[in-house]
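A short worksheet on the structure shown next.
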Amino acid sequence: MAKQRIFSIDALRGFSLLGILLMNILTFAFPYQIINPFEFFQQQDGALFKISSLFIIASFYPIFAFLFGYGLSIMYQNSIEKELNYYPMIIRRLSFLLLIGMIHGIFIFYGDILATYALLGFIAIIFVRLKPQHSLVALTIGFGILILLYILPMVLLQDATQVENFVGLQELERVNNILASADYLSIIGVNLKYFGMNVANTILVGPFSILPIMLFGIYAHQINWLNKIRNHKNLYTVIGLVIFILGLAIKMIQIVLEGSMTSQLISQMLGGPIVALSYIIFFVLLCEDATARKVLNPLQYIGKLSLTTYLTQSVICIFIFYGIGLNYYGKLPVLTIYTIAIVIYLVQLLLSYLYLKKFKQGPIEKLWRKVTYLK
């Protein structure tokens with residue numbers, strides 16, 4: 001069962017990397033994070049984006065956050081069994097991840113998530129040694145604060161749905177011109193601004209939105225939740241379906257309201273994690289089926305190289321879309337962009353399989369491990 005559990009985690013991590021790429025590639029190809037995408041994308045692009053907003057956007061980062069918390073708890077358990085001092089080790093690990101995230105966010109992709117996970121991880125590690133109930137109470141309080149002090153006030157205040165309310169047209173034009181240019185220093189300037197905004201959002205909102213998902217990952221490991229799913233397949237199939245429908249219903253709000261800021265906030269911060277939870281449940285159940293397991297088996301290879309894969313995806317996307325590379329920024333339809341994403345992922349899947357036949361760890365993972373264990 002231990003090996004099966006590891007397979008489920010690695011394969012799920014590999015699966016989430018596909019979803020993250022499908023989401024991130026839009027940010028590389030368009031000024032996605034600074035406009036209302038529901039108004040920006042029209043006709044076929046608009047229809048495809050709406051489908052993506054339901055099933056992909058904001059529903060794969062939560063899986064990664066869940067797995068991050070799960071991994072923190074696994075490392076704590078292993079440190080006890082091996083009689084290692086957990087906190088100096090994990091602080092080195094998170095500090096290195098923060099450094100990689102800052103380099104990635106400033107010099108490559110302002111939408112970096114590594115720095116976010118590292119910063120929130122410093123809080124999450126407090127809970128790995130506490131009883132499971134503490135994590136459950138903390139994540140409940142966190143989400144409660146998110147709803148009462150952040151989402152509810154925005155709902156009451158309302159907002160307009162025009163593009164101009166998301167970002168000034170002058171700023172939109174400035175960002176477009178810079179990313180489509182070969183001026184790398186100016187691209188770094190854009191990254192600094194928007195990566196800084198993401199870090200600020202992590203500090204102000206992350207403890208109530210992303211941290212609770214990490215805490216659920218810690219809680220899930222502490223109570224052996226994945227085994228509970230396996231042992232109660234029929235029950236969790238029903239639970240998964242109910243959660244999935246609920247999540248989609250919440251994410252439909254942004255489509256009905258044409259992507260207003262408030263509707264996107266509700267859909268992504270509430271609907272996204274709920275859909276992600278259903279994906280986790282369905283994935284664990286699929287791993288129990290022999291046929292499905294064979295189909296999902298290749299995902300474990302890319303999952304074992306998740307950090308290297310994630311960073312490589314950003315480098316490839318910059319080369320394809322930005323002016324310092326092939327300069328396809330803003331020039332391709334969404335369907336073509338998603339086709340490119342799938343091709344990138346399949347190539348990474350093959351290379352991960354070939355790489356792990358000769359090596360045990362990816363290059364970044366190996367360095368990360370050396371920093372963590374000092375050996």
Side-chain angles (χ1 to χ4, degrees), residues 18-53 56-58 61 101-116 161-201 259 261 264 268 309-345 347-348:
L18 173 60
I20 288 173
L21 175 59
L22 289 171
M23 178 175 172
N24 282 349
I25 199 168
L26 293 179
T27 308
F28 285 105
F30 300 102
Y32 172 75
Q33 286 193 339
I34 59 175
I35 47 85
N36 181 352
F38 289 90
E39 292 186 346
F40 183 84
F41 295 116
Q42 298 294 323
Q43 297 178 349
Q44 185 184 44
D45 282 353
L48 188 55
F49 177 77
K50 288 176 182 178
I51 295 173
S52 177
S53 71
I56 297 173
I57 294 173
Y61 279 124
M102 291 177 65
I103 294 172
H104 180 234
I106 295 172
F107 296 101
I108 304 176
F109 178 45
Y110 63 81
D112 169 80
I113 60 169
L114 303 180
T116 294
T161 62
Q162 300 301 314
V163 172
E164 290 84 353
N165 290 86
F166 281 75
V167 64
L169 294 180
Q170 185 176 359
E171 170 68 3
L172 178 61
E173 184 178 358
R174 185 186 76 87
V175 171
N176 282 342
N177 290 337
I178 289 174
L179 297 184
S181 74
D183 186 354
Y184 182 58
L185 288 179
S186 295
I187 291 174
I188 291 177
V190 170
N191 285 344
L192 273 170
K193 177 179 180 178
Y194 288 100
F195 175 65
M197 291 170 61
N198 286 342
V199 171
N201 185 68
M261 290 181 70
Q264 288 192 57
Q268 294 178 14
T309 299
Y310 172 72
L311 295 173
T312 304
Q313 287 175 351
S314 293
V315 173
I316 294 171
C317 286
I318 276 187
F319 175 73
I320 293 173
F321 295 105
Y322 284 10
I324 56 175
L326 300 178
N327 194 18
Y328 281 106
Y329 185 80
K331 298 177 180 178
L332 301 176
V334 173
L335 180 60
T336 302
I337 291 169
Y338 274 164
T339 301
I340 291 172
I342 292 172
V343 171
I344 291 172
Y345 184 80
V347 171
Q348 287 184 314

Nearest heavy-atom approach of I337 to A29 is CD1-CB, 3.5 Å

Should T312 and Q348 count as side-chain neighbours, where that means a heavy-atom distance under 4.5 Å? yes

Minimum side-chain heavy-atom gap N191-F109 below 4.5 Å: no

Would you say that L179 contacts F321 through its side chain, given a criterion of any heavy-atom pair below 4.5 Å between the two side chains? no

Measuring only between side-chain heavy atoms, which start at C-beta, is I108 closer than 4.5 Å to L311? no

Who passes side-chain hydrogen bond (donor to acceptor under 3.5 Å, both in side chains) against T116, sequence neighbours left out? T202

Is the shortest side-chain heavy-atom distance between V199 and M102 below 4.5 Å? no

What distance do I188 atom CD1 and D183 atom CG have between them, rounded to the nearest 0.5 Å? 9.5 Å

Side-chain donor or acceptor of N198 paired with backbone N/O of D112 under 3.5 Å: no

Testing the basics here: between I56 and M23, what is the closest heavy-atom pair and its distance to 0.1 Å? CG2-N, 4.4 Å

Set of residues satisfying side-chain hydrogen bond (donor to acceptor under 3.5 Å, both in side chains) with respect to N201, sequence neighbours excluded: none

L21 side chain reached by C317 side chain, heavy atoms, under 4.5 Å: yes

Run the ring-ring contact (aromatic ring centres under 6.0 Å, His included) test against Y328 and tell me which residues pass, sequence neighbours left out. none

I need the I20 CD1 to I113 CD1 distance, nearest 0.5 Å. 4.5 Å

For Y338, give me all partners under side-chain hydrogen bond (donor to acceptor under 3.5 Å, both in side chains), at least two apart in sequence or on another chain. S52

List the steps, then state whether side chain to side chain contact (heavy atoms under 4.5 Å, CB included) holds for I318 with I187. CA-CA 11 Å; I318 276 187; I187 291 174; 5.9 Å; no

Measure the shortest side-chain to side-chain distance between Y61 and N24 over non-hydrogen atoms and say whether it is less than 4.5 angstrom. yes

A side-chain contact here means heavy atoms from C-beta on lying under 4.5 Å apart; do F107 and Y184 qualify? yes

Closest approach of A341 and L22, non-hydrogen atoms and distance? CB-CD2, 3.7 Å

To the nearest 0.5 Å, atom CD1 of I25 lies from atom OH of Y345 at 14.0 Å

Here the gap from L172 atom CG to N176 atom CG, rounded to the nearest 0.5 Å, amounts to 5.0 Å

Test of understanding: with side-chain hydrogen bond (donor to acceptor under 3.5 Å, both in side chains), list the residues that count as partners of Y310, not counting sequence neighbours. none

Heavy-atom closest pair, residues F195 and A115: CZ-CB, 3.9 Å

Once rounded to the nearest 0.5 Å, what's the spacing between atom CD of E171 and atom NZ of K193? 3.5 Å

Just jot down the ring-ring contact (aromatic ring centres under 6.0 Å, His included) partners of F41, sequence neighbours excluded, or say none. F30, F49

Give a yes or no on whether the backbone of P333 and the side-chain of D45 come within a donor-acceptor separation of less than 3.5 Å. no

Do you know which two heavy atoms are closest between Y329 and P31, and how far apart they sit? OH-N, 3.1 Å

